[in-house]
Every structure is written in structure tokens, then in C-alpha cells.
Amino acid sequence: MIDLRGQAAVVTGSSSGVGRATALELARRGCDVLVHYCRSRPDAEALAAELRDLGVRTAVAQGDVADDAACRALIDKAVDAFGRLDILVNNAGTTRFIAHSALEEVTDEVWQRIMDVNVKGSFQCIRAAREAMIRTGAGHVVNVASVAGIKATGSSVPYAASKAAVINMTISLARALSPTIRVNAVAPGFIAGRWLEQGLGLQYDTVMKRHEDKLPLQRVSTPEDVADAIVSLLTGSRQVTGQTLPVDGGMLVADF
């Protein structure tokens, strides 16, 4: 198993949900972590305090990953704080909840924002991190995709398309950045928590129960489940790159 003690990581969108759970798990394993947020500064600062209590160094950076300058700035801040960069977890993401049949509701602004954050943002963070990882001598990127990018389901057509693009980009960049940097992805299914509570509103409990009734493992994922999968890629075989690991309770093999 790869030892993460003394390594340094950037986790985008880490003030809540999967990003928060991932930052905590990395810190528990002795990894220094830069906490990134776009809007939730109090949550980010609270997480940073928790990470320091675990005995690791931390830093906090604000920025919109759709902005290339912001991506470069947060990577620079991590390198300045820790002197190195080993791990990048591209977790920052956005969506709009629009029925797939409601084509007229999918505006240019919806397409632009979802693709800018989910696809271009991940690319820009990887591009910004490349030289720092090369200087360190090795690096590992984990992109947070979605089963929506495999099944063409999820919150909206643009969201599913963006996550399919992330999966495709994971393969492309695994080739382009080899052999020094490995690039993999996780593809969560339904994740319990604030993201879907806000998006589904009053339907949240009903939709979650429907998933749990049909999933082979009979429960939806938590942010901690996804964080465990991310860390498994970071600490497992060094021979894995260009792969996407579903973390879905069996959604891809269930009869939905």
C-alpha cells in the first residue's frame, strides 16, 4: 500500500460533501491538504481547523475553477504552503436539475456553466498541477465523474454529458501525462447529502428509497464511501491509470 504520509494534496470543492470527506481521510493518513472552496468560506475554514487537529499542514484557497487564473493560483498556494504537490482530486462540480425531456429549459448559460466547471475546470487544474507534480517526481490525479456519464442519466443532459467528457478526458490525460503522473476517476451514483437534498427538494426521500430498493447493495453511497474509493486509487497499485471506478452500490448492474 502506498504511504501518503508527508505527501501534499489539493482537493477542489472540499468545503462539503465528497470533497470534505476526502480531505479528512487524506489528513488521517498524514497527507497535507489544501482546502478549496468557491463560496463557502466558513465551511472551508472549519474543515481546515479539523485537518490541523489531525496533525497535518493545511491551507485554504478560494476560486472558481472555471477561471484558469484561479486554478493556477490555488496550485501555487499549495506548493508555497507545502513545498510540493503529489495529489490532485478534482471534485469541484455543478449542475442544474432539469428533466431530460425539457429541452427548451437547457439554455446556453446552463451548458456553458456546467461544462466550464465540470470539464474545463478539471482540465485547468490538471494543467496547472503538472509541473509541480513533475518536480516532485510523481503525481496522481483523481477526477470525480459520475455514473451519469456512463448511463446518460442524472440531473440534466448537460450534466451527464459533462461527466462523460470527464471520463474521456481521464483516459486522454492518463496517456499524455504518463509515466510520471497517473490519472484516474471515480464515478459515484446517488450520494446522500446536501447536494441532492437541495436539487431534489421534496422528492429526495422518495428517490433515495427507490434507489435503495433496487440497488444490489441496498443502500445509496455516502460522501465517505466515495472518499474511500478515491483513497483506494491513491494508495493501491501504481499500475492503475486511465481507469474509472464506479462507486454506486451496484447501480450500473441494477434493473432501473
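These numbers come from the heavy atoms of this one structure, side chains and all, not from hydrogens, waters or symmetry mates. Residues: numbered from 1 along the sequence shown.
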Using a 3.5 Å cut-off and no angle test, enumerate the donor-acceptor pairs between side-chain atoms of residues 77-85 and protein atoms at least two apart in sequence or in another chain.
from: Lys77; atom 1: NZ; to: Val60; atom 2: O; distance (Å): 2.5
from: Arg84; atom 1: NE; to: Asp86; atom 2: OD1; distance (Å): 2.8
from: Arg84; atom 1: NE; to: Asp86; atom 2: OD2; distance (Å): 3.4
from: Arg84; atom 1: NH2; to: Asp86; atom 2: OD2; distance (Å): 2.7

Note to self: Testing the 3.5 Å rule here: is there a donor-acceptor pair between the side chains of Asn143 and Thr170?
What the structure shows: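 Judged by distance alone, the side chains do pair up.
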Note to self: Under 3.5 Å, is there a donor on one side chain and an acceptor on the other for Asp108 and Gln112?
What the structure shows: no
Note to self: If you count every heavy atom of other residues, nucleotides or ligands that lies below 6.0 Å from Gln203 atom CD, does the total exceed 12?
What the structure shows: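 No, the 6.0 Å shell around CD holds no more than 12 heavy atoms from other groups.
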Check: Within a radius of less than 6.0 Å around CZ of Arg41, do more than 12 heavy atoms belonging to other residues, nucleotides or ligands occur?
Finding: no
Counting N and O atoms only, with roles assigned by atom type, does the side chain of [X] sit under 3.5 Å from a partner on the main chain of [Y], one being a donor and the other an acceptor?
X	Y	value
Ser40	Asp43	no
His36	Ala61	no
Ser14	Ala23	no
Thr136	Ala138	no

With side chains defined as the heavy atoms from C-beta onward, is the minimum distance between [X] and [Y] less than 4.5 Å?
X	Y	result
Asn184	Leu245	no
Glu212	Gln218	no
Leu88	Cys125	yes
Thr58	Leu34	no
Val144	Asn90	no
Val226	Ile191	yes
Lys120	Val65	no
Leu47	Leu24	yes

Is there a path of hydrophobic side-chain contacts, each under 4.5 Å between heavy atoms, that joins [X] and [Y]?
X	Y	result
Trp111	Val119	yes
Phe123	Ile134	yes
Val117	Met115	no
Leu51	Val89	yes
Leu234	Val10	no

Notebook entry, point to check: Can you name the residues that form a salt bridge (Lys or Arg N to Asp or Glu O under 4.0 Å) with Asp68, not counting sequence neighbours?
Noted result: Arg72, Arg127
Output yes when [X] and [Y] qualify as a salt bridge under the 4.0 Å nitrogen-oxygen rule, no when they do not.
X	Y	value
Arg20	Glu224	no
Asp32	Arg5	no
Arg29	Glu25	yes
Arg219	Asp225	yes

Note to self: With rounding to the nearest 0.5 angstrom, report the CD to SG distance, Gln7 to Cys31.
What the structure shows: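 Output value for this atom pair is 6.0 Å.
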Margin query: If I take atom OG from residue Ser221 and atom CG from residue Leu215, how far apart are they, to the nearest 0.5 angstrom?
Written below: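 Output value for this atom pair is 8.0 Å.
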Note to self: With side chain to side chain donor-acceptor pair (under 3.5 Å) as the criterion, how do Asn118 and Ser162 come out once you've worked through the C-alpha distance, each side chain's angles and the decisive distance to 0.1 Å?
What the structure shows: CA-CA 6 Å; Asn118 296 358; Ser162 75; 3.0 Å; yes
